Amino acid sequence: MVDESVIAAVAGLSVTASFPFLLYGAWIMIDAETVSWNVLMRHLRYIVVGLVLTTVPIVTWMVPRVLDQVSGMAILHAFFGVQAYALLAFALTGIVRIFQAKRNADAYEDLDVDIDEIHEDMGHWRKRLRAGVAGFMILWLCAWVTGIYRLVTLHLVSMF
């Protein structure tokens, strides 16, 4: 059987490795003057990899063990993680509406379409998307810091 510390380190490395994918995926959208279908697909490739690298260790390693490790730092770590995913879900409510409106208006193909003219609620959906993504990243970082702290104190310090 593989030692629990090794599995914890691999989970921590996987979550840590997701950060550059999430940042670069966000940068693709920030840097794009207009979001074409190709830009959207490129963005999603990086974001999906980042989310998989984060979500798989959470579902397979962290969630099943959270009730066995109830401590102040574990609760704080779980709180930040749950809130991060809640804000991601909030962002998705804006993403879905934006995607639907842009798809219906062929705005992914016709790049001259003013995105704010497509639908009267577009500004609201875009604010929701920005708030959700920014909140996700901030809370993801808080969860990551508390997770690294827990990894070090529970698994790495005990090795020495």
Side-chain angles (χ1 to χ4, degrees), residues 7-105 107-108 115-116 118-152 154-155:
I7 297 171
V10 170
L13 285 172
S14 178
V15 173
T16 301
S18 71
F19 189 59
F21 288 98
L22 296 171
L23 280 182
Y24 188 67
W27 178 251
I28 290 170
M29 295 304 265
I30 291 168
D31 192 44
E33 192 168 315
T34 55
V35 179
S36 65
W37 188 255
N38 289 336
V39 169
L40 178 64
M41 290 296 108
R42 185 169 170 234
H43 159 76
L44 288 176
R45 278 192 291 273
Y46 285 96
I47 295 299
V48 166
V49 169
L51 288 174
V52 166
L53 284 171
T54 296
T55 306
V56 168
I58 290 170
V59 171
T60 60
W61 168 252
M62 297 173 202
V63 170
R65 286 163 181 75
V66 75
L67 293 178
D68 296 336
Q69 301 177 0
V70 177
S71 68
M73 194 55 78
I75 291 170
L76 188 62
H77 177 64
F79 173 79
F80 285 138
V82 168
Q83 296 306 309
Y85 276 91
L87 279 169
L88 181 61
F90 180 71
L92 287 174
T93 63
I95 292 169
V96 169
R97 295 296 190 177
I98 293 167
F99 176 79
Q100 288 172 337
K102 285 186 76 170
R103 195 77 170 145
N104 291 341
Y108 288 114
I115 189 171
D116 290 320
I118 294 173
H119 195 279
E120 62 193 28
D121 292 330
M122 186 61 76
H124 174 71
W125 296 333
R126 291 174 76 193
K127 286 178 188 173
R128 183 183 297 185
L129 170 61
R130 288 184 189 115
V133 168
F136 171 79
M137 288 308 301
I138 290 167
L139 289 167
W140 184 96
L141 282 169
C142 292
W144 180 78
V145 167
T146 57
I148 293 298
Y149 176 81
R150 292 189 71 232
L151 174 69
V152 169
L154 293 175
H155 298 286

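Numbering starts at 1 and runs along the sequence shown. In this text the structure is predicted, and so the values were computed from the model without any measurement. Only heavy atoms go into these numbers, but all of them, side chains included; no hydrogens, no water, no symmetry mates.
Taking CZ of R126 as the start and CZ of R130 as the end, the distance is 4.5 Å to the nearest 0.5 Å. Taking OH from Y149 and CG from L151, the interatomic distance works out to 12.0 Å, rounded to the nearest 0.5 Å. Note that CE of M137 and CG of L22 are 5.0 Å apart. Values are rounded to the nearest 0.5 Å. Atom-to-atom distance recorded for R65:CZ and I7:CD1 is 6.0 Å, nearest 0.5 angstrom. To the nearest 0.5 Å, atom CE of residue M29 and atom CG of residue L129 are 7.5 Å apart. Here the straight-line distance linking atom CG of N38 with atom NE2 of H43 works out to 14.0 Å at 0.5 Å rounding.
Of all the heavy atoms in V59 and V63, the pair that sits closest is O-CB, 4.4 Å. Among all heavy-atom pairs drawn from T34 and V39, the shortest one is O-CG2, 4.2 Å. Heavy-atom minimum distance, A11 versus M62: CB-CE, 4.5 Å. Between T16 and G12 the shortest heavy-atom distance is OG1-O, 2.7 Å. Across all their heavy atoms, G123 and D116 have their closest contact at N-OD1, 4.5 Å.
Put simply, the side chain of I148 does not reach to within 4.5 Å of the side chain of V145, judged on heavy atoms.
Under the ring-ring contact (aromatic ring centres under 6.0 Å, His included) criterion, F79 pairs with no residue at all, not counting sequence neighbours. For Y24, the side chain to side chain donor-acceptor pair (under 3.5 Å) partners two or more places apart in sequence, or in a different chain, are R42. The ring-ring contact (aromatic ring centres under 6.0 Å, His included) search around H119 returns W125, not counting sequence neighbours.
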Only pairs under 3.5 Å count here: list side-chain donor-acceptor contacts from residues 97-104, not counting sequence neighbours, and write none if there are none.
unit_1: K102; atom_1: NZ; unit_2: V35; atom_2: O; d: 3.2
unit_1: N104; atom_1: ND2; unit_2: Q100; atom_2: O; d: 3.2

Between side-chain atoms of residues 80-93 and protein atoms elsewhere (two or more places apart, or another chain), which donor-acceptor pairs fall under 3.5 Å?
unit_1: Y85; atom_1: OH; unit_2: T55; atom_2: OG1; d: 2.7
unit_1: T93; atom_1: OG1; unit_2: F90; atom_2: O; d: 2.5
unit_1: T93; atom_1: OG1; unit_2: R128; atom_2: NH1; d: 3.2

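Ring to ring, Y46 and W27 are not that close: their centroids are 6.0 angstrom or more apart.
No more than 12 heavy-atom neighbours from other residues, nucleotides or ligands sit within 6.0 angstrom of CZ on F21.
Of the possible polar contacts, one joining the H77 side chain to the G147 backbone as a donor-acceptor pair under 3.5 Å is found. Within the 3.5 Å criterion, the main-chain N or O of L53 finds a donor-acceptor partner in the side chain of S14.
Counting only residues at least two apart or in different chains, ring-ring contact (aromatic ring centres under 6.0 Å, His included) contacts with residues 52-76 are absent.
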